[in-house]
Structures are given as C-alpha cells and as structure tokens.
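Worksheet: one structure, shown below.
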Amino acid sequence: MTAPQKTDLRSEFLRELSARGYIHQCTDMDALDSKLEKGPISAYIGFDCTADSLHVGSLVQIMLLRWLQKTGHKPIVLMGGGTSKVGDPSFKDEARKLITEEEIQHNMDGIKKVFAKYLTFGDGPTDAVMVNNADWLDNINYLEFLRDYGVHFSVNRMLSFDSVKLRLDREQSLSFLEFNYMILQAYDFMELNKRRDCLLQMGGSDQWGNIVNGVDLTRRISQNEVYGLTSPLLTTSSGVKMGKTVGGAVWLNEERLSVYDFWQYWRNTEDADVGRFLRLFTELSEAEIQKLEAMQGADINEAKKVLATEATRLCHGLEAAEAAAETARKAFEERSMSADLPSHDIEKPRLEEGIPAFLLFKEIGLANSNSEARKLIKGGGGRLNDVQIKDDSLSISLSDLNDEGSIKVSAGKKRHILVKPA
RNA sequence: GGAGGGAUGCCCGAGUGGCUAAAGGGGGCGGACUGUAAAUCCGCUGGCGUCUGCCUACGUUGGUUCGAAUCCAACUCCCUCCA
C-alpha cells in the first residue's frame with residue numbers, strides 16, 4: 001500500500017483528488033498516475049441496491065466518479081444487483097425478507113436517477129455507463145467457480161487484511177459467507193476488466209481488502225495490472241457518522257428528502273468541517289475555499305451558505321439550490337413566512353372543525369407518534385405561527401391561518417411545515 | 001460431538017422473584033446560551049387522544065408462582081475451550 005504522495009503527481013485526476021482530500025490508500029499511485037496521464041481509462045465503484053435512493057454516505061464515492069469524468073476518463077457505475085439478491089448474511093435479529101427481483105429493479109431505477117444528476121451517461125469515450133453484476137453472478141456454477149477462481153485465493157493472505165484482522169483479534173466470528181463476499185467482489189473487478197477494460201476500482205476505505213483481492217485476481221487470471229484507490233471514512237469533527245438527521249438519512253433523491261432539507265443539512269455543518277466539506281462536496285477552486293474557510297466567528301456562516309448552495313446545486317440544480325437558500329434566508333434571517341417552506345395540505349372541513357395540536361404534529365411528520373408530539377409540545381418545542389404553544393391538545397383551525405393563507409407549524413427552531421387548507 | 005458462558009429498550013450495558021417501562025452511559029429530540037456552529041447546562045427519550053388507567057416489551061415456546069427480565073424445561077442463535 002502506497003501512501004498518497006501529492007508532490008509528484010502528474011495526472012489531473014489524482015492531483016485534484018489528492019488536493020481535495022479524497023485519497024486514503026492506493027495500490028500503486030505512481031503506476032496509476034502514468035496510466036491516467038497516457039489517456040482515458042475506465043474506473044468503477046460498486047453500489048448496493050438495497051434502497052431506492054443513495055444518501056450522503058455515498059456522496060464521496062459519487063464525487064470520485066464525477067471528478068473522474070471531469071478529468072477526461074470513463075466512470076462505470078456497478079449496481080450490486082447480484083449481491084443484493086443474496087441479502088444480509090446475518091439473520092440474527094429476525095429472518096428478514098429477501099429483496100425480490102422487482103424491488104431490486106425498482107431500487108436500481110431510483111439510484112440511476114441520482115447518478116443522472118452527477119454524471120453524463122452515454123456511449124462516448126468519457127460517458128458514464130451503468131452495469132449490473134447480476135449479469136455475470138447470477139448463473140455462476142459453484143464447483144466450476146471454485147476450481148477456476150477459488151484456487152487463486154489464499155486464506156492465509158485473506159486473513160491478513162485489516163478488515164478481518166480486527167474481527168479475529170477481538171475473537172469475533174468471521175463467517176465463511178463473508179469470505180465469499182470478498183471473492184465475489186474480486187470477481188466483479190476481473191470481469192469488468194475483461195468486459196470493459198476497467199483499470200481502477202475505487203471505494204470507501206472499508207473496501208480496501210475487497211479491492212486488493214480484485215487487483216490480485218485480475219493479475220492472476222488475466223495477467224492485467226489493475227489498481228485500487230480508497231477514500232477516507234468520513235465523520236464529522238464530533239465523530240458522528242455523516243448523513244443522519246431527525247428525519248433519517250440524508251437522501252439524494254428529491255422524493256425522499258426535500259431540496260430545502262438537503263440544503264439545511266449542509267448549512268448546519270460544524271465550523272471545523274467547513275473547509276474539508278467544501279473540498280469534498282463542492283467544485284470550488286482551492287483559492288475560493290481557502291478564502292471561505294479562513295472566516296472566523298459568525299462570518300463562517302457565509303461559508304456554510306456557500307457550501308450548502310454548491311452541494312445542493314450538484315444534486316438538485318442551481319435553481320432549486322438558490323430557491324432553498326432564499327427560503328432559508330427568509331425563514332431564519334427575516335423570521336418571516338416563506339411560501340416555499342415544505343408544506344402539507346389538510347382538508348378544509350377538518351381544519352374548520354379544528355385539529356388537536358399533537359395530532360397535527362404527528363400527521364404532518366414533525367413527530368413520529370402522538371406521544372412524541374405531546375412530549376415535544378410539553379417540552380416547549382412546538383410553535384404555531386412562531387408562537388410557542390404549551391397545550392398539546394390546543395385545537396388548530398382555520399382561525400389560525402396567517403396572512404399568507406397557511407399555518408406555520410414548527411418543531412424546534414429549524415423544522416417548519418406550512419399547513420394549507422385544501 | 002463434549003464442557004462452559006451468553007442473548008435486556010436505537011446502541012452499549014446494569015439488574016437474579018414484587019419498590020422494573022426496567023440503573024448508568026452513548027446517540028437522538030426539545031429548552032437555555034449562541035452564529036441555524038461547537039462546548040456547556042436543563043428536560044424528554046415504547047405505544048394509546050378519556051390516563052395515579054390500558055397495551056406492548058428483557059432471544060422463542062411452555063411451566064412454577066398471588067406475582068417472573070429475574071426460578072424451571074425445551075428450543076433457536078452467538079461466544080470460549082476441548083474433540
């Protein structure tokens with residue numbers, strides 16, 4: 001494993017990645033650098049299709065592919081249609097339903113929409129392509145596979161990888177099934193090298209062992225030299241995994257998370273993370289970033305707004321990003337109503353009658369249960385048109401409509417929903 | 001195959017017959033302070049629109065008991081050691 005050496009990198013791709021903090025480890029930095037310099041190469045990253053959208057946790061990987069394309073190379077998005085069919089190996093909690101073919105197809109369609117925002121797909125030399133490992137994994141014959149490929153895997157060597165060493169040191173069990181995951185992923189790489197002349201696999205640092213196995217297998221079977229590159233595992237400065245908020249994961253699909261909420265996620269970045277996130281999640285130049293991250297005290301809020309708008313622009317487009325920024329500006333800086341806050345329609349007759357506050361909070365998604373809504377309100381976190389309410393059963397009706405013709409319902413200071421009669 | 005240990009709420013982890021919706025911590029949510037930040041302090045953290053009430057919950061199923069997370073039996077899964 002070679003540590004990143006930012007000094008003598010020549011290819012645009014690696015220079016950019018290195019400067020922006022995307023690189024954790026690389027199997028052979030120098031050789032990869034020269035390959036990249038000689039001409040366009042194909043590189044891939046694998047994604048599971050266990051949900052119909054990706055979230056912020058996969059964003060670094062997506063950005064890697066985007067930079068790859070931007071610097072003149074060809075991204076391959078590998079969907080784990082084959083591996084997703086196997087499902088989670090540990091059935092410890094409860095026998096979870098296996099995902100059906102239809103669900104996998106549905107999820108792939110959703111994920112495809114995400115990638116369409118970040119990459120340009122097509123048939124051109126640097127156009128991205130999407131492939132599915134079910135195409136070659138589905139019909140593998142066990143014995144044949146073992147004889148052809150199993151012989152190339154040394155258990156001794158596989159045991160030496162950090163990913164499993166930790167498990168072994170802690171004396172926790174490592175199932176044989178997990179070993180096969182590693183082998184299947186290695187096979188993917190070899191297959192992509194054969195089919196599409198793919199030279200590089202990227203992924204999170206947790207994928208290192210799997211990637212290295214793919215590099216080795218490809219060398220043994222095809223006598224081709226391929227490379228692996230991993231990105232660091234991202235946490236916030238407070239040590240929290242990225243991408244979780246009140247509503248759950250920070251999804252990249254608009255159907256799963258509104259553009260406004262996506263913008264808010266970045267706006268709420270911790271001070272200490274601003275520079276790092278600007279490099280990873282926007283395409284601003286180093287000079288601009290240095291200017292932004294140098295801001296001190298309350299000024300750094302301006303940098304956070306830039307971060308939010310830039311990151312949102314990549315995912316949802318400039319127009320939507322700026323609209324979200326404007327909505328937030330009105331909501332937080334003018335403390336005024338904005339018609340663009342997420343809204344929820346309630347049938348007019350019900351509003352005429354009046355709805356108890358806690359039921360309304362539950363219904364519009366500001367609380368997950370009636371009790372939670374009651375506790376929220378009793379704890380002072382419920383607001384009606386910016387006025388704190390203390391009675392959890394307070395009847396909310398048409399008489400609470402404000403000048404804009406809606407009712408602004410808030411949980412805490414940051415989550416607002418406009419209730420509109422319909 | 002044999003011996004021993006274990007399974008507790010979102011996570012970690014206490015609890016060995018009633019005082020247990022279950023200590024403590026983490027995480028999360030809300031409040032105060034701020035800058036829509038961090039740190040700090042405070043509150044909340046299974047569900048149920050009638051609430052000194054009901055329901056659900058300590059791996060699963062059954063049993064003992066007035067009463068079980070706690071005792072017994074069988075089962076499932078995990079770990080350690082031996083073969």
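Labels below follow one simple rule: chain letters A, B, ... track the order of the sequence lines, proteins then strands, and each chain is numbered from 1.
Distances from the side chain of A:S393 to the nucleotides B:G49, B:G35, B:G31 place B:G49 closest. Of the candidates B:A32, B:U36, B:A37, B:U36 carries the atom nearest the A:N268 side chain, counting heavy atoms from C-beta on. In the set B:G47, B:U50, B:G35, B:G35 carries the atom at the smallest distance from any side-chain atom of A:I300. If you check B:G47, B:G35, B:U36 against the side chain of A:W263, the one that comes closest is B:U36. Taking every side-chain heavy atom of A:Q264 into account, B:U36 is the closest of B:C44, B:G49, B:U36. Counting only heavy atoms from C-beta on, A:F358 has its side chain closest to B:G49 among B:C48, B:G49, B:G31. Residue A:F332 places its side chain closer to B:U36 than to any other of B:U36, B:A37, B:G31. Nearest to the side chain of A:S371, among B:A37, B:G47, B:G49, sits B:G47. You'll find that the side chain of A:L376 is closest to B:G30, out of B:G30, B:U36, B:G47. Across B:U36, B:G49, B:U34, the shortest atom-to-atom separation from the side chain of A:L359 is found for B:G49.
Searching all strands for a Watson-Crick or G-U wobble partner of B:C81 with both distances below 3.5 Å returns B:G2. In a base pair of the Watson-Crick type (N1 to N3 plus N6-O4 or O6-N4) or a G-U wobble (N1-O2 and O6-N3), with each distance short of 3.5 Å, B:A32 is matched with B:U40. Partner assigned to B:G24 is B:C12, using Watson-Crick or G-U wobble distances below 3.5 angstrom. Applying the Watson-Crick and G-U wobble criteria (two distances, each under 3.5 Å), B:U76 pairs with B:A7. As the counterpart of B:A69, no nucleotide is assigned, since no Watson-Crick or G-U wobble pattern has both distances under 3.5 Å.
A:K304 comes within contact range of at least one nucleobase, with a heavy-atom separation under 4.0 Å. A:A328 comes within contact range of at least one nucleobase, with a heavy-atom separation under 4.0 Å. Nucleic acid contact for A:G382: none, since no nucleic acid atom lies under 4.0 Å from a heavy atom of the residue. As judged by a 4.0 angstrom heavy-atom cut-off over every strand, A:N370 is placed among residues touching the sugar-phosphate backbone only.
Atoms CD (A:E302) and P (B:U36) sit 11 Å apart, rounded to a whole Å. The CD-C1' distance, from A:Q296 to B:A37, rounds to 13 Å in whole Å. If you take CD of A:E372 and P of B:G9, they are 19 Å apart, rounded to a whole angstrom. Distance A:K378 NZ to B:G49 P: 12 Å, rounded to the nearest Å. The separation between A:N368 atom CG and B:C48 atom C1' is 16 Å, rounded to whole Å. Here B:C29 presents its C1' atom at 14 Å from CD1 of A:I377, a figure rounded to the nearest Å. Atom CG of A:L307 is separated from atom P of B:U36 by 16 Å (rounded to the nearest Å). Computed from coordinates, the A:E270 CD to B:A39 C1' distance equals 11 Å when rounded to whole Å.
Side-chain atoms of A:D271 and base atoms of B:G35 include a donor and an acceptor less than 3.5 Å apart.
Contact annotation: A:R383 side-chain N/O to B:G31 OP1/OP2 distance is under 4.0 Å. Distances shown here put every side-chain N or O of A:K305 at or beyond 4.0 Å from the OP1 or OP2 atom of B:G35. Side-chain nitrogen and oxygen atoms of A:K414 include at least one within less than 4.0 Å of the OP1 or OP2 phosphate oxygen of B:A37. Considering only side-chain N and O atoms, A:R415 lies under 4.0 angstrom from the phosphate OP1 or OP2 of B:G30. Taking only side-chain nitrogens and oxygens, A:K413 never comes nearer than 4.0 Å to OP1 or OP2 of B:G35.
Taking the centre of each ring, A:W67 and A:F13 stay at or above the 6.0 Å mark.
Nearest-nucleotide positions on RNA chain B place A:Q388 closer to the 5' end than the other of A:G297 and A:Q388.
As rounded to the nearest Å, B:U61 and B:C66 have P atoms that lie 23 Å from one another. Separation of the P atoms belonging to B:A38 and B:G53 is 41 Å when rounded to the nearest angstrom. Taking the C1' atom of each, B:G43 and B:C48 are spaced 23 Å apart, rounded to whole Å. Taking atom P in both B:G6 and B:G15, the straight-line distance is 11 Å, to the nearest Å. Across the P atoms, B:G24 and B:U76 are found 37 Å apart, a figure rounded to whole Å. Comparing the P positions of B:C82 and B:U65 gives an interatomic distance of 43 Å, to the nearest angstrom. Between the P atoms of B:U80 and B:C71, the separation comes to 25 Å (whole Å). If you take atom C1' in B:G5 and the same atom in B:G9, they sit 23 Å apart, rounded to whole Å.
Within a 6.0 Å radius of CD in A:E353, other residues, nucleotides and ligands contribute 12 heavy atoms or fewer.
Minimum interatomic distance between A:Y149 and A:F153 (heavy atoms only, all atoms of both residues): O-CD1, 3.2 Å. Shortest non-hydrogen contact noted between A:P421 and A:G405 is CD-O, 3.6 Å.
Screening A:V77, A:L78, A:I76, A:L119 for a side chain to side chain contact (heavy atoms under 4.5 Å, CB included) involving A:V129 leaves a single residue, A:I76.
For the 3.5 Å distance criterion, the side chains of A:S285 and A:E288 qualify, holding a donor opposite an acceptor.
The pair A:R276-A:D273 meets the salt-bridge criterion, since a charged nitrogen lies less than 4.0 angstrom from a carboxylate oxygen. Between A:K70 and A:E16, no side-chain nitrogen of the basic residue sits less than 4.0 Å from a carboxylate oxygen of the acidic one, so the salt-bridge criterion is not met.
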Show your working on side-chain contact (heavy atoms from CB on, under 4.5 Å) between A:H73 and A:T126 and close with a plain yes or no. CA-CA 5 Å; A:H73 303 280; A:T126 67; 6.0 Å; no

